[in-house]
Amino acid sequence: MARVGRGARGPSLKALTTLLAGPVVPAARGLLACTLSAGGVTVRLTEVEAYEGVGEDPASHAHRGRTRRNAVMFGPPGYAYVYFTYGMHWCINVVCGPVGVASAVLLRAGEVVAGLDIARERRPGVRVDRDLARGPARLSQALGVDGRAGGTPLLRGDGPIVLRPPDAPVDASSVAVGPRVGVNGGADRQLRFWIAGEPTVSTYRSHVSRRPRPTG
DNA sequence: GGGCCGATCAAG
DNA sequence: TTGATCGGCCCA
C-alpha cells in the first residue's frame, strides 16, 4: 500500500513523524520494522499494540482521563510513555495522535540487531537470543529502559531512546493482526500487529486457549 | 489512609 | 498454574 519510492528504501524520518501524528492504527503498523536504540542496544520492532485515548478504549491507561501518570499520552506524538506494572516491569509506548489525543502504541517485542552482548548481560538466564526482547517488559529490560526515559522525545535523536524508520518497508501482506494481550475491556478489537513469521513475536497468547473440556 | 488490581514474567 | 512485588487509582 505505502508506495515509497527510492527502491527498497523505507519511509523517511519525516514520513514517520507525520504517521505518528495521525490515527493510532496506521501509526502502529508503521512502527513495525522500525529500529529502537537505547543503552547500546538496538532492536527491530516486530510486535506492537495500539491503544486509543479517552472514552473509547477501556484498556487504555488514558481511558479515564488525564492523570499525572498518563499525562505524557496527552502531549505531542513521538514521545515515550514508559509505565511500571506488576511491581517490577517497565513497558515502553510511543505516544501518537495530535496534542490532546491520548493514543499510544505499546512496543511488545523486537529482534536485537545490535548490542547483542549488552542485551545478553541485561537478561541473564536467557538461552536463546530470540527471547532477549520477546515481550514488552523484556524489550525494556534488554534496552536498559526504565521510568527515567518517560516523557523523552524518540524521533529527535538526542534522547535516551532513539526511534528510526525501517531500512526496508514491511510488505502489508506480511503484517498479521489479532486481539491484544492481557486486555479485558475491548478485547474483541484487533489492535495488535506483528510481522508474520517472526520468531521474536510473543505469540503464546495470540488467541484464546481452545483446550477441550476434560469431561464435556 | 487502606485495599485492590494491573498493557508481565519465569518457574513448577 | 501461581508467586513475585509496587505504584496508581478508587473508595472511605
Side-chain angles (χ1 to χ4, degrees), chain A residues 20 24-25 27-29 31-32 36 43 45-74 79-97 101-110 112 119-151 154 161 176-194 199-214:
Chain A
L20 294 185
V24 71
V25 166
R29 301 185 86 112
L31 282 169
L32 289 174
L36 197 69
V43 300
L45 299 175
T46 57
E47 182 188 7
V48 300
E49 279 178 0
Y51 286 84
E52 309 276 0
V54 179
E56 295 183 75
D57 187 356
S60 172
H61 284 179
H63 177 58
R64 296 175 181 274
R66 181 179 183 136
T67 66
R68 191 196 196 102
R69 175 209 203 186
N70 64 27
V72 186
M73 296 178 75
F74 291 79
Y79 280 68
Y81 167 52
V82 182
Y83 70 89
F84 187 69
T85 190
Y86 290 98
M88 60 190 89
H89 295 302
W90 294 99
C91 297
I92 308 171
N93 295 254
V94 178
V95 175
C96 296
V101 174
S103 58
V105 175
L106 171 65
L107 307 182
R108 287 198 56 86
V112 177
R120 289 184 187 129
E121 281 180 23
R122 292 210 180 102
R123 305 219 54 233
V126 170
R127 296 163 179 262
V128 192
D129 286 343
R130 162 214 300 156
D131 291 336
L132 286 172
R134 189 179 194 236
R138 296 165 168 180
L139 175 67
S140 302
Q141 192 180 352
L143 292 170
V145 166
D146 60 21
R148 291 171 292 182
L154 299 172
I161 312 177
V177 184
R180 293 172 296 183
V181 174
V183 163
N184 294 317
D188 51 322
R189 279 192 263 182
Q190 309 285 295
L191 292 175
R192 175 170 165 252
F193 307 92
W194 67 94
T200 54
V201 173
S202 53
T203 49
Y204 46 84
R205 285 176 210 156
S206 58
H207 48 70
V208 273
S209 66
R210 208 170 295 274
R211 198 195 327 175
R213 300 168 82 93

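Proteins get letters first, then strands, A, B, ... in listed order; numbering begins at 1 in each.
Scored by the side-chain contact (heavy atoms from CB on, under 4.5 Å) test, A/Q190 finds A/V177, A/P179 as partners (sequence neighbours excluded). Applying the side chain to side chain donor-acceptor pair (under 3.5 Å) criterion to A/T46, with sequence neighbours excluded, gives A/T200. For A/R68, the salt bridge (charged side-chain N to carboxylate O under 4.0 Å, His left out) criterion is met by no residue, not counting sequence neighbours. Under the ring-ring contact (aromatic ring centres under 6.0 Å, His included) criterion, A/F74 pairs with no residue at all, not counting sequence neighbours. Remark: A/R127 engages no residue in a side chain to side chain donor-acceptor pair (under 3.5 Å) (not counting sequence neighbours). Applying the side chain to side chain donor-acceptor pair (under 3.5 Å) criterion to A/Y83, with sequence neighbours excluded, gives no partner residue.
With hydrogens and angles disregarded, a donor-acceptor distance shorter than 3.5 Å links the side chain of A/R123 to the backbone of A/L132.
Closest to the side chain of A/M88, out of C/dA4, C/dC9, B/dT8, is C/dA4.
Across the protein-nucleic acid pair, A/F193 atom CZ and B/dA7 atom P stand 19 Å apart, rounded to whole Å. Atom OH of A/Y83 is separated from atom P of C/dC9 by 13 Å (rounded to the nearest Å). The CZ-P distance, from A/R180 to B/dT8, rounds to 11 Å in whole Å. As rounded to whole Å, 14 Å separates atom C1' of B/dA7 from atom CD of A/E52.
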Self-check item: Nucleotide-resolved protein contact map, nucleotides 1-6 of chain B, B/S/- at heavy-atom distance under 4.0 Å
Solution: -----B
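Put simply, A/R64 has a side-chain N or O that comes within less than 4.0 Å of OP1 or OP2 on C/dC10.
Annotation: proximity of residues 123-132 of chain A to DNA chain C (heavy atom, distance under 4.0 Å) is found for no residue.
Taking a pair as Watson-Crick or G-U wobble with both distances under 3.5 Å, the runs of three or more consecutive pairs in DNA chain C are B:1-6 with C:6-11, B:8-11 with C:1-4.
In this structure, A/V72 and A/G151 approach most closely via the heavy-atom pair CG1-CA, 3.9 Å. Between A/A149 and A/A80, the shortest heavy-atom contact is O-CB, 3.7 Å.
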Listed pairs under 3.5 Å, donor-acceptor, residues 58-67 of chain A side chains, sequence neighbours left out:
from  : atom 1 : to    : atom 2 : distance (Å)
A/S60 : OG     : A/E52 : O      : 2.8
A/S60 : OG     : A/A62 : N      : 3.0
A/H61 : ND1    : A/Y81 : OH     : 2.7
A/H63 : ND1    : A/D57 : O      : 3.4
A/T67 : OG1    : A/R69 : N      : 3.4
A/T67 : OG1    : A/N70 : N      : 3.3
A/T67 : OG1    : A/N70 : OD1    : 3.4
A/T67 : OG1    : A/N70 : ND2    : 3.3

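A distance of 7.0 Å separates CG of A/L36 from CG of A/L154, quoted to the nearest 0.5 Å.
Using a 4.0 Å heavy-atom distance criterion, A/R68 is classed as making no nucleic acid contact. Here A/A137 lies in heavy-atom contact (under 4.0 Å) with sugar-phosphate atoms only.
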